[in-house]
Visitor: 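A single structure is presented below for examination.
We name chains A, B, ... by the order of the sequence lines, and we start the count at 1 in each one. This is a predicted model, so every value here is computed, not measured. Any value given below was found using the heavy atoms of this structure, including those in side chains, with hydrogens, waters and symmetry copies removed.
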There are 2 protein chains.
Amino acid sequence: MTEPTQEQVEQLTRAFERFTRKFKVAEAAAAADNALNALDAQTLVFVGDNPGCGTGDVARYLNVAMTTMSSAIDRLVRKDLIERRPHEDDRRSVALTATKTGRQAIEDQIAAYREACRAMLRSLDPREQRELIRLSEKIAEAQT
Amino acid sequence: MTEPTQEQVEQLTRAFERFTRKFKVAEAAAAADNALNALDAQTLVFVGDNPGCGTGDVARYLNVAMTTMSSAIDRLVRKDLIERRPHEDDRRSVALTATKTGRQAIEDQIAAYREACRAMLRSLDPREQRELIRLSEKIAEAQT
DNA sequence: CAAGATAGTACGAAGTTCGTACTAATCAAG
DNA sequence: CTTGATTAGTACGAACTTCGTACTATCTTG
């Protein structure tokens, strides 16, 4: 827990700008098939991870207006990627779940991500690979 | 350059998903002031890095239609963040440059990025910080 | 210099986001 | 149990974004 130097921060920033770009390309590639925009893709993944969640849950998580999320869900339902079912306990709510097609689309989405990660690791030798993963996890945990 | 294991790839993917999310928040925070959408922000940064570039250069780099870029540039010009000047050699082209206000906005944009990177580094001890930067640069260079 | 390629913009159609207004269901007292 | 406030969600329309088509102006090449 030491304050990094200005120079170090800038080096990492430059490297990460390139990573971010790489991930965007990966996202775009995964979306190409289903023609999902960024919001719809993120919505689909969230619903896949949180079956039974409601419109508001996703809206809050992705930081968009409730009505925007309602539209996004409309599009995903029309493409048969998710389903709106009545919620058991609260009849105002809907319970969202990914359809079989939707789960497949999520897999493709994540596979593209994973492919980008694999490409990164491939540039390193085995010891470095282990070290990068260790450091990444340490950071991810610290951010809470 | 050794093939990483499936397990390693997944660990890194999970960690990077969290990073990506963090960067999106940073981007959103930087955009909040100027109310720039993602495309406009990226366009502004590119023009800042490539003064004198043309509409088509940015469009190709960001992978959008020429007309889309023309609109984005319209918006940035209207906000006085960039300028369209006639190109010296080729009078069909425009030469784009960031205005003083624009350069300031870019600084804010990048500062938010840098802040996210600094936060990451802070979770590590000095030896680990140096190692993370070294590995990141190695990967960034290998990707070409 | 004529034909074709290139850089860019105008315009309009299709789609996205979000605020306002509304319905339906739940909760909290009284 | 009813009434008033809250909560989950959708319908609708305005403002904005993206992009294809059509067009102008300017190189480039044979």
Side-chain angles (χ1 to χ4, degrees), chain A residues 24-25 27-29 31-47 50-97, chain B residues 24-25 27-29 31-47 50-97:
Chain A
K24 277 186 187 140
V25 172
E27 270 182 39
D33 289 336
N34 305 299
L36 291 187
N37 65 29
L39 178 64
D40 293 3
Q42 288 173 295
T43 300
L44 179 56
V45 170
F46 183 85
V47 170
N50 301 275
C53 67
T55 307
D57 297 325
V58 197
R60 273 185 298 276
Y61 178 76
L62 294 178
N63 207 37
V64 296
M66 187 77 162
T67 49
T68 304
M69 187 44 60
S70 191
S71 303
I73 290 171
D74 275 350
R75 289 191 292 271
L76 291 170
V77 168
R78 226 176 299 130
K79 286 173 186 157
D80 192 35
L81 297 172
I82 67 177
E83 267 179 344
R84 260 194 263 247
R85 328 193 64 217
H87 192 285
E88 303 252 308
D89 305 332
D90 187 339
R91 285 185 301 178
R92 291 169 304 183
S93 303
V94 292
L96 301 171
T97 49
Chain B
K24 276 188 187 138
V25 172
E27 270 182 39
D33 290 336
N34 305 300
L36 291 187
N37 65 29
L39 179 63
D40 293 3
Q42 288 173 295
T43 300
L44 179 57
V45 171
F46 184 85
V47 171
N50 302 275
C53 67
T55 307
D57 297 325
V58 197
R60 272 186 296 278
Y61 178 75
L62 294 178
N63 208 37
V64 297
M66 186 77 163
T67 49
T68 303
M69 188 43 60
S70 192
S71 302
I73 290 171
D74 276 349
R75 290 191 292 271
L76 291 170
V77 168
R78 228 177 297 130
K79 287 174 186 157
D80 191 34
L81 297 173
I82 66 178
E83 268 180 345
R84 262 194 262 246
R85 327 192 65 218
H87 192 285
E88 303 252 307
D89 305 333
D90 187 340
R91 284 184 304 178
R92 290 168 304 180
S93 303
V94 291
L96 301 171
T97 50

Visitor: Please report the distance, rounded to the nearest Å, between NZ in K79(B) and C1' in dC16(D).
Guide: 11 Å
Visitor: When you measure from the side chain of R84(A), which nucleotide among dA8(D), dT10(D), dA10(C) comes out closest?
Guide: dT10(D)
Visitor: State which of dT9(C), dT18(D), dG9(D) makes the closest approach to the side chain of S93(A).
Guide: dG9(D)
Visitor: Going by heavy atoms in the side chains, are L36(A) and L81(A) under 4.5 Å from each other?
Guide: yes
Visitor: Let me test you: for the helix from dC1(C)-dG30(D) to dG30(C)-dC1(D), what is the angle between the axes at its two ends (five pairs each), rounded to 10 degrees?
Guide: 20°
Visitor: Please tell me which of the listed nucleotides, dT26(C), dT10(D), dG8(C), lies nearest to the side chain of V94(A)?
Guide: dT10(D)
Visitor: Are D57(B) and N50(B) side-chain neighbours, meaning at least one heavy-atom pair lies under 4.5 Å?
Guide: no
Visitor: T67(B): what forms a side chain to side chain contact (heavy atoms under 4.5 Å, CB included) with it, not counting sequence neighbours?
Guide: A65(B)
Visitor: Roughly how many Å is it from NE2 in H87(B) to P in dC27(D), rounded to a whole number?
Guide: 11 Å
Visitor: Does dC19(D) have its OP1 or OP2 closer than 4.0 Å to a side-chain nitrogen or oxygen of T68(B)?
Guide: yes
Visitor: How many Å lie between CZ on R85(B) and C1' on dG8(C), as a whole number?
Guide: 18 Å
Visitor: Please give, in whole Å, the distance from dA7(C) P to I73(B) CD1?
Guide: 14 Å
Visitor: Can you list the residues that meet the salt bridge (Lys or Arg N to Asp or Glu O under 4.0 Å) rule with D80(A), with sequence neighbours excluded?
Guide: none
Visitor: On the nucleotide dA7(C), are OP1 or OP2 found under 4.0 Å from the side-chain N or O atoms that T55(B) carries?
Guide: no
Visitor: Atom CG of L39(B) and atom P of dC19(D): how far apart are they, to the nearest Å?
Guide: 8 Å
Visitor: Rounding to a whole Å, what distance do you find between N63(A):CG and dT17(C):P?
Guide: 13 Å
Visitor: Name all residues meeting the salt bridge (Lys or Arg N to Asp or Glu O under 4.0 Å) criterion together with R84(A); count only those two or more places apart in sequence or in a different chain, and write none if there are none.
Guide: D74(A)
Visitor: Sequence neighbours left out, what passes side chain to side chain contact (heavy atoms under 4.5 Å, CB included) with R85(A)? Give chain and number order.
Guide: E83(A), T97(A)
Visitor: Tell me if the side-chain of R92(A) makes a donor-acceptor pair with the base of dT26(C), cut-off 3.5 Å, by modelled atom types.
Guide: no
Visitor: Of the listed nucleotides (dT10(D), dT17(D), dG20(D)), which one gets closest to any side-chain atom of N37(B)?
Guide: dT17(D)
Visitor: Among the nucleotides dT17(D), dA7(C), dA8(D), which one has an atom lying closest to any side-chain atom of M66(A)?
Guide: dA8(D)
Visitor: Would one find a side-chain N or O of R75(B) under 4.0 angstrom from OP1 or OP2 of dA15(D)?
Guide: no
Visitor: Check residues 38-46 of chain B and write down every donor-acceptor pair under 3.5 Å in which the side-chain atom is one partner and the other belongs to a residue at least two apart or another chain.
Guide:
residue: D40(B); atom: OD1; partner: R75(B); partner atom: NE; Å: 3.4
residue: D40(B); atom: OD1; partner: R75(B); partner atom: NH2; Å: 3.0
residue: D40(B); atom: OD2; partner: R75(B); partner atom: NE; Å: 2.9
residue: T43(B); atom: OG1; partner: L39(B); partner atom: O; Å: 2.7

Visitor: Would you mind telling me which of dA25(C), dC18(C), dC19(D) lies closest to the side-chain atoms of T67(A)?
Guide: dC18(C)
Visitor: Kindly indicate whether the side chain of R91(B) and the base of dT26(D) share any N or O donor-acceptor pair separated by less than 3.5 Å?
Guide: no
Visitor: To the nearest 0.5 angstrom, please state how far the OG1 atom of T55(A) sits from the CZ atom of R92(A).
Guide: 12.5 Å
Visitor: Within this structure, what is the CG-to-P distance between D74(B) and dA7(C), rounded to whole angstrom?
Guide: 19 Å
Visitor: Could you please name the option among dC19(D), dC27(D), dC18(C) that lies closest to any side-chain atom of D90(B)?
Guide: dC27(D)
Visitor: For the pair made of CD1 in I82(A) and C1' in dG9(D), what is the distance, rounded to whole Å?
Guide: 14 Å
Visitor: On DNA chain C, compare the nucleotides closest to D89(A) and D57(B); which residue's is nearer the 5' end?
Guide: D57(B)
Visitor: Taking only side-chain nitrogens and oxygens of S70(A), does any of them come within less than 4.0 Å of OP1 or OP2 of dG9(D)?
Guide: no
